[in-house]
Amino acid sequence: MVEGSASAAQPRGGWLTARVGWLCVLALLLAVVGGAAAHVLMLLIAGITNLAFYGRWSLDWVGPAGHQLGAWVVLVPVAGALVIGVMARYGSAAIRGHGIPEAMDQVLHNGSRIPARMAWLKPLSAAISIGTGGPFGAEGPIIATGGALGSLLGQLLRTTADERKTLLAAGAAAGMAATFGSPVSAVLLAVELLLFEYRPRSILPVAIAAVGATGVRYLSHGAAPAFDVGSIGPATSTAVLAYLVVGALVGLGAVVVTKLVYGVEDQFARLPLHWMWWPALGALVVGAIGWYEPHTMGVGYDNIEGIV
């Protein structure tokens with residue numbers, strides 16, 4: 001009797017059921033939508049950067065470093081931060097934060113339900129922040145946006161919590177892959193940070209979304225890598241040892257920076273000011289540093305390209 005119950009509970013064909021196939025179809029849809037969202041986000045950043053630092057209407061990709069604003073540049077990040085503060089207070093406080101930790105929190109504590117308005121408020125606020133000199137990349141916001149799109153799709157179709165989690169992770173992976181053209185990395189990131197499991201029925205839709213979004217990127221940007229590092233020869237034993245040392249140092253640096261970020265956030269929480277004004281206060285420091293070294297402002301991909 002026990003054996004019969006166990007065999008009846010196991011679906012025919014193992015994990016590859018009709019429901020998993022349906023999730024894969026939805027993942028393809030998320031690949032297209034997530035890829036388009038990533039493209040729109042990058043255009044928004046370019047447009048706001050051109051308007052804020054050069055006073056022109058253009059979607060050409062350019063960094064803030066070539067501006068001719070002089071000391072007035074200090075006020076550009078502050079202006080963007082004031083807009084974001086208003087959006088956070090009267091639109092959704094959920095746009096505060098880095099993007100990925102908030103998505104993880106929804107997976108763990110809210111059944112992978114992300115409010116629908118996050119699908120447009122998060123990328124818009126990120127574009128304003130980065131476009132007015134905010135020194136961070138687009139990966140966190142686009143992962144949050146893709147995750148919100150996947151969660152919204154799961155809520156509209158009345159899926160289970162596990163299925164919504166899979167769709168959330170698929171949307172996040174699609175956004176990441178469409179931004180950088182890196183489907184393998186996108187899948188690994190989604191598995192580690194959002195899925196928290198290695199079941200094929202969950203990984204397959206995520207992988208399909210990442211590959212599909214990479215195809216969308218190829219159609220819009222071509223197949224060139226996001227950062228061209230040139231040809232790399234075979235690694236010697238000395239080089240491998242150097243890679244290990246560099247990896248250890250970068251890992252240590254990541255821990256230090258993470259602790260500093262959260263430490264600064266804790267100090268802001270002690271201020272006798274409403275949190276709506278915190279971004280503007282921080283942006284004043286960002287603007288001052290940017291006046292001294294303009295290359296610290298903006299998304300910084302041109303800096304990475306120059307280094308590699």
Side-chain angles (χ1 to χ4, degrees), residues 11 13-41 92 94-95 97-123 126 138-180 182-217:
W15 58 268
L16 190 56
T17 63
R19 195 66 181 176
V20 174
W22 175 235
L23 289 178
C24 291
V25 172
L26 296 178
L28 279 175
L29 175 61
L30 286 173
V32 176
V33 176
H39 184 60
V40 170
L41 175 60
S92 174
I95 66 173
H98 315 281
I100 299 177
E102 290 73 25
M104 295 170 66
D105 182 70
Q106 297 302 313
V107 170
L108 293 171
H109 302 118
N110 197 31
S112 299
R113 294 184 180 90
I114 297 178
R117 59 184 179 274
M118 285 294 293
W120 64 273
L121 278 176
K122 188 64 177 180
E139 53 275 6
I142 194 57
I143 288 172
T145 301
L149 291 170
S151 173
L152 176 60
L153 183 60
Q155 293 174 69
L156 291 174
L157 298 177
R158 300 180 182 275
T159 55
T160 66
D162 278 344
E163 290 171 341
R164 278 196 304 275
K165 179 177 68 173
T166 299
L167 291 174
L168 187 154
M176 182 74 171
T179 303
F180 295 104
S182 54
V184 176
S185 298
V187 172
L188 293 176
L189 182 142
V191 168
E192 290 289 343
L193 297 183
L194 298 171
L195 278 180
F196 308 112
E197 63 184 24
Y198 294 95
R199 293 187 297 182
R201 67 183 184 184
S202 300
I203 295 177
L204 183 59
V206 174
I208 289 175
V211 172
T214 303
V216 172
R217 174 184 170 80

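These values consider heavy atoms only, across backbone and side chains, with no hydrogens, waters or symmetry-generated copies.
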Distance col, row Ile208:CD1 vs Leu29:CG, nearest 0.5 angstrom, shows 13.0 Å
In short, ring pair (Phe, Tyr, Trp, His ring centres under 6.0 Å) pairs touching residues 148-180 with sequence neighbours left out are Phe180-Tyr301
Minimal heavy-atom distance between Ala172 and Leu194, with the atoms involved, is CB-CD1, 3.5 Å
message: A side-chain contact here means heavy atoms from C-beta on lying under 4.5 Å apart; do Leu153 and Val33 qualify?
response: no
d(Arg164 CZ, Gln155 CD) to nearest 0.5 Å is 6.5 Å
Nearest heavy-atom contact between Ala31 and Ala209 is CB-O, 3.4 Å
All heavy atoms of Val191 vs all of Tyr198, minimum pair found to be CG1-CE2, 3.5 Å
Sorted by chain and residue number, the side chain to side chain donor-acceptor pair (under 3.5 Å) partners of Thr145 (sequence neighbours excluded) come out as none
Between Ala36 and Val216, the two heavy atoms sitting closest are N-CG1, 4.4 Å
Report the C-alpha distance between Leu41 and Thr179 in whole Å, list the side-chain angles of each, state the deciding distance to 0.1 Å, and finish with yes or no for side-chain contact (heavy atoms from CB on, under 4.5 Å). CA-CA 9 Å; Leu41 175 60; Thr179 303; over 6 Å; no
Scanning both residues in full, the closest heavy-atom pair of Ala170 with Pro205 reads CB-O, 4.1 Å
Do the side chains of Arg201 and Thr17 get nearer than 4.5 Å, heavy atoms only?
no
dist Leu152:CG -> Leu157:CG (nearest 0.5 Å) comes out at 9.0 Å
In this structure, CG of Leu30 is separated from SG of Cys24 (nearest 0.5 Å) by 11.5 Å
Between the CG atom in Leu149 and the CD1 atom in Ile142, the distance rounded to the nearest 0.5 Å is 8.0 Å
- Task: Please assess Ile143 against Leu193 for the test side-chain contact (heavy atoms from CB on, under 4.5 Å), listing each intermediate value before the final yes or no.
- Result: CA-CA 11 Å; Ile143 288 172; Leu193 297 183; over 6 Å; no
Apply side-chain contact (heavy atoms from CB on, under 4.5 Å) to the pair Val20 and Arg199, showing each step before the final yes or no.
CA-CA 11 Å; Val20 174; Arg199 293 187 297 182; over 6 Å; no
Looking only at heavy atoms, the pair that brings Thr166 and Leu195 closest together is CA-CD2, 4.0 Å
d(Ser202 OG, Glu163 CD) to nearest 0.5 Å is 9.5 Å
